[in-house]
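In what follows, a structure is listed as structure tokens, so that the remarks can point back to it.
This structure is a prediction, so every number in the text was calculated from the model and none was measured. Chain letters run A, B, ... following the sequence lines, proteins first and then strands; every chain starts at 1. Scope of the values below: all heavy atoms of this structure, side chains included, with no hydrogens, waters or symmetry mates.
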Number of protein chains: 2
Amino acid sequence: ISNIQPAEISANPVLDISGLNFIDLMVRQGNIENPPKTPLVPGFECSGIVEGPGDNAKGFEIGDRVMAFVNYSAWGEVVCTPMEFVYKIPDDMGFAEAAAFPMNFVTAYMMLFEVANLREGMSVLLHSAGGGVALLPDVLGRISPDGVDIVLDCLCGENTGKGLGLLKPLGTYILYGSSNMVTGETKSFFTFAKSWWQVEKVNPIKLYEENKVIAGFSLLNLLFKQGGAAQVKVVMDKLISLYKQKKIKPLVDSLWALEEVKEAMQRIHDRGNIGKLILDVEKSPTPLMANDSTETSEAGEEEEDHEGDNGNKERMPFIQ
Amino acid sequence: ISNIQPAEISANPVLDISGLNFIDLMVRQGNIENPPKTPLVPGFECSGIVEGPGDNAKGFEIGDRVMAFVNYSAWGEVVCTPMEFVYKIPDDMGFAEAAAFPMNFVTAYMMLFEVANLREGMSVLLHSAGGGVALLPDVLGRISPDGVDIVLDCLCGENTGKGLGLLKPLGTYILYGSSNMVTGETKSFFTFAKSWWQVEKVNPIKLYEENKVIAGFSLLNLLFKQGGAAQVKVVMDKLISLYKQKKIKPLVDSLWALEEVKEAMQRIHDRGNIGKLILDVEKSPTPLMANDSTETSEAGEEEEDHEGDNGNKERMPFIQ
């Protein structure tokens with residue numbers, strides 16, 4: 001990102017809210033290649049208020065409500081990221097929803113409509129349903145005896161061959177993460193290396209004979225290593241438009257204080273979440289669970305609760 | 001295909017015309033798995049006139065001009081294939097064009113628009129340009145320093161890794177054939193086995209890290225082993241519609257008599273052809289090359305020449 005002027009988008013501490021992703025657990029466990037040197041602030045997406053736009057940050061002003069991709073440091077009270085990764089939050093979207101929005105929706109959309117070619121009548125199988133990506137409202141995995149059209153697999157390793165075997169002809173298998181790398185409490189480097197490198201390889205001739213497609217998708221690599229910000233912007237604009245039409249809505253599982261990050265990560269680790277976990281730097285250290293009315297509510301219904309500087313427990317309709 | 005009543009679509013000997021494909025050379029060399037027992041009649045696509053539709057061949061009548069996929073035997077004077085593989089020829093399409101139409105266009109269309117996701121502004125790299133698939137008018141391969149969006153590779157083996165390396169992020173590599181299997185004059189089984197089985201395998205993690213897609217496409221397997229006739233029909237109907245709108249047109253390289261099949265195959269083998277070679281059971285044994293006016297002509301221009309029972313050399317505007 002060296003050739004792009006940072007926009008110095010930064011978040012008002014009161015409102016800095018960040019989405020927790022599996023990749024954050026991998027970072028904590030050292031399960032990624034070339035992490036930045038410690039001390040580091042984790043986090044790859046956040047929402048907040050523009051505190052000081054950079055010289056080239058045209059279109060943004062102090063006080064704008066924004067959500068952003070960040071190459072680490074999204075958990076910080078103040079976040080600085082290039083303008084190309086920053087998006088204005090729709091008026092009826094709260095900060096917690098906004099912190100849950102970018103990674104999950106862009107990953108799901110690009111996998112289903114750009115990598116695969118999802119059309120009406122197709123079936124999608126989600127491994128590890130329960131994580132954020134599994135929760136797109138129109139995407140429910142079903143397995144028919146004929147197989148499925150698309151397999152989304154965040155479990156790398158010995159499941160690859162099995163996933164390929166479930167595909168219909170012309171079906172697409174997409175490996176988009178590696179959540180099984182964080183299933184062990186005390187994962188050694190050796191165990192990690194095994195699951196990462198000794199994954200089952202694929203013979204292209206087999207793909208030819210069976211008419212199958214295998215793909216990998218890493219949004220972070222696309223954004224931060226492969227110059228894909230412009231491609232992602234097209235998708236984000238579509239998704240924001242779909243949100244405004246009330247066709248999609250991020251599902252928030254629970255809000256956590258920074259001090260509770262260990263417990264929050266354990267909840268993801270144990271796959272206890274339905275929806276996204278959100279870190280809120282202002283929240284007091286007690287998890288607030290989403291109540292039933294939140295899970296079935298319509299987009300925009302709680303907008304009054306999200307905004308403003310009122311107390312934490314009043315900001316969102318979460319019960320203890 | 002056992003559950004489908006054969007339609008007994010058969011060709012009038014005078015007009016039976018068949019497209020020659022690389023797969024026919026592989027069959028001749030024994031380079032396919034589980035070929036039918038000899039004696040066998042090669043050929044996977046043909047055009048002709050319906051001689052005797054089967055009991056369930058609704059919609060077809062004696063005398064209908066048709067083109068068809070056939071699971072072997074397309075070079076026969078009379079061809080029998082299930083109705084689901086048979087299509088009526090548009091009025092302005094000649095029999096030679098029709099024999100050149102199904103495999104190349106369906107393969108190219110499905111690879112570009114169903115396996116990959118070709119959109120405006122994308123680049124396509126064609127290995128082995130010159131064969132039928134390379135000749136879709138709107139598909140011209142260009143390599144930019146940034147890489148290409150789609151690689152269509154009919155050369156299996158050591159080129160796979162190189163092809164993957166040429167892809168942009170989110171790019172798709174499609175292996176759709178194996179023409180390098182027929183490059184040796186006297187290819188031994190051992191050499192064949194090497195190129196077929198020792199192909200470079202792909203690590204899904206590498207696809208994940210690089211955001212890449214690898215796919216295989218075999219139209220014959222889709223049609224004859226995987227029950228894909230209905231999927232292919234949707235595509236054929238679109239392609240026939242595009243032909244009628246004069247947006248696509250098959251390119252015929254030359255017409256050959258059955259007695260000249262050895263020379264015709266040598267021409268494909270040597271990659272001397274630009275466009276499709278056609279076998280015509282009625283033609284006298286001298287190759288007739290397409291002249292310049294044919295190569296630049298519009299669809300339908302030669303329709304008068306294609307039809308009827310007039311002499312061979314008058315049937316098409318080919319010069320000696």
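Nearest approach of A/Pro204 to B/Val202, heavy atoms of both residues: CG-CG2, 4.0 Å. In this structure, A/Leu222 and B/Pro169 approach most closely via the heavy-atom pair CD1-CB, 3.8 Å.
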(request) Start with the C-alpha distance between A/Glu209 and B/Asn221, add both sets of side-chain angles, then the distance that settles side chain to side chain contact (heavy atoms under 4.5 Å, CB included), and finish with yes or no. (result) CA-CA 7 Å; A/Glu209 287 176 340; B/Asn221 282 0; 4.0 Å; yes
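B/Ser218 contributes atom OG, which lies 11.0 Å from atom CD1 of A/Ile205 (distance to the nearest 0.5 angstrom). Expressed to the nearest 0.5 Å, how far OH of B/Tyr208 lies from CD1 of A/Ile174 amounts to 13.0 Å.
In this structure, B/Asn117 contributes its side chain and A/Asn117 its backbone to no donor-acceptor pair below 3.5 Å.
A side-chain donor from one of A/Gln226 and B/Asn211 sits under 3.5 Å from a side-chain acceptor of the other.
Residues B/Val213 and A/Ile214 are not in side-chain contact: their nearest non-hydrogen atoms beyond the backbone lie 4.5 Å or more apart.
Here B/Glu114 pairs with A/Arg119 under the salt bridge (charged side-chain N to carboxylate O under 4.0 Å, His left out) rule; sequence neighbours left out. For the side chain to side chain contact (heavy atoms under 4.5 Å, CB included) test, residues two or more places apart in sequence or in another chain that qualify with B/Asp237 are B/Tyr87, B/Lys233.
Only the side chain of A/Leu170 comes within less than 4.5 Å of a heavy atom of chain B; its backbone N, CA, C and O stay farther away.
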